[in-house]
Every structure is written in structure tokens, then in C-alpha cells.
Amino acid sequence: MRYWLIKSEPTTYAIDDLERMQQDHWEGVRNYQARNYMRDEMEVGDLALFYHSNATPPGVAGIARVCEEAHPDFTAWDPESKYFDPKSTPENPRWMMVSVAFVEKFSRLISLEELRDYPELKEMVLLQKGSRLSVQPATQKEFEFIRNLAHEAVHS
DNA sequence: GCCAACGTTGGC
DNA sequence: GCCAACGTTGGC
């Protein structure tokens, strides 16, 4: 299995929304590289860090699991949707999405600022200059390191 | 195929 | 709101 990091602006769709839904389509990805990761490499059972972008502060809010492999993103066909793309049709869908299931919400947000503090994470795709992919791979070590941070008892 | 102009992302 | 870094579009 593989590990991922998926970004969402919490004002649009936060980890709390996924918790409420339990499972949902990961719609609205309109970047080819991010689409390709979903279409070609994501498998059911893969785990993803759920990242809140454009937030105060930005950071990893929890974990989701891929629960359905890539299928056409039908929001691209809906003229009323903010994700509408007239170049995508049911006959020739341009955009794909997976479905994800809620796994857990961290008891504390692991902020971007904190992530930058750890040498163990300095190779993370998220932390590279200019990196802004909304679906990106993470290593097992990175994933587990961050999950462990979230699960650690808080020391004073 | 080049590349200028424009649009988006996302931290700050 | 600013702006750096990317990505896309479209004329040529």
C-alpha cells in the first residue's frame, strides 16, 4: 500500500466534513499530475494525511483512507458546479476522483510550521519549495512520523 | 514547439 | 492583500 497527502481548504471541505460524511468523493482536483496520482497509483486501502491548506494555521488535521478507486469526476459536467470544465464529457472524462473514508481526526493540528522543525520530514514533498500539488505522495516513514506526533501524549 | 500573458495556489 | 511559484492557454 501507499501513503499520500491530500489538501483541502477547510472553508470548503474540512476533516470535520469528512467525519460527518464518513465517506465521500474527493472531487474538484483539476491538476493533471494530481489526477494521475489518483488515477494511476491510488489503491483501495491506501492511507492519506488530510491537510488543511489556506487555513490559519495550515497543517495536517487527520487521516483518510482510499475506499474507492478512481472514477470520473462528474462535477466537471455540471455547469452549476464551481468545478465545471466544458472540456470534460461523460464520453471522454478529463478529470478523475477517488473516494475516501474518514479514519481519524487528530487531537491537535500538526501545523506546517511544526512540520518544518523536524529533520525527519525535510524531504517531504509538501515542504519542498514551490510544491503545491493537492494530491501528493508521502513515504511510510513520513506518514507514521506525523501520526505518531499526533498520538503522543502532550508533555508540559 | 515557443513563450508571453494570464490564472491559480497557498503561505504569509 | 501581496506575491512567488507554477500551470495553462493560445497566438505565432
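Computed from heavy atoms alone, side chains included, the values below leave out hydrogens, waters and symmetry copies. Keep in mind that what you see is a predicted model, and the values were worked out from it rather than measured. Below, chain A is the first sequence line, B the second, and so on; all start at residue 1.
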Hydrophobic cluster membership, A:F106 vs A:F50, 4.5 Å side-chain cutoff: no
To the nearest Å, how far apart are [X] [atom1] and [N] [atom2]?
X	N	atom1	atom2	value
A:Q136	B:dT9	CD	C1'	13 Å
A:L133	B:dG11	CG	C1'	16 Å
A:L127	C:dA5	CG	C1'	16 Å
A:R132	B:dC12	CZ	C1'	16 Å
A:R35	C:dG7	CZ	P	14 Å
A:Q128	C:dC6	CD	P	11 Å
A:E9	B:dC12	CD	P	15 Å
A:Y32	B:dT9	OH	C1'	17 Å

Indicate whether OP1 or OP2 belonging to [N] is found under 4.0 Å from a side-chain N or O atom of [X].
X	N	value
A:K87	C:dT8	no
A:Y51	B:dG11	yes
A:K7	B:dG10	yes

Nucleotide of B:dG11, C:dA5, C:dT9 approaching A:K129 most closely (side-chain heavy atoms): C:dA5
Side-chain-base donor-acceptor pair under 3.5 Å for A:R30 and B:dT8: no
DNA chain C: 5'-proximal contact among A:N54 and A:S131 (nearest heavy atom): A:N54
Over 12 non-hydrogen atoms of neighbours within 6.0 angstrom of CD in A:Q22: yes
Contacts of type ring pair (Phe, Tyr, Trp, His ring centres under 6.0 Å), residue A:Y3, not counting sequence neighbours: A:F143
Residue among A:V66, A:V100, A:D73 satisfying side chain to side chain contact (heavy atoms under 4.5 Å, CB included) with A:W26: A:V100
Residue pairs fulfilling side-chain hydrogen bond (donor to acceptor under 3.5 Å, both in side chains) with at least one residue in residues 58-71 of chain A, sequence neighbours excluded: A:H25-A:H71, A:E68-A:S99
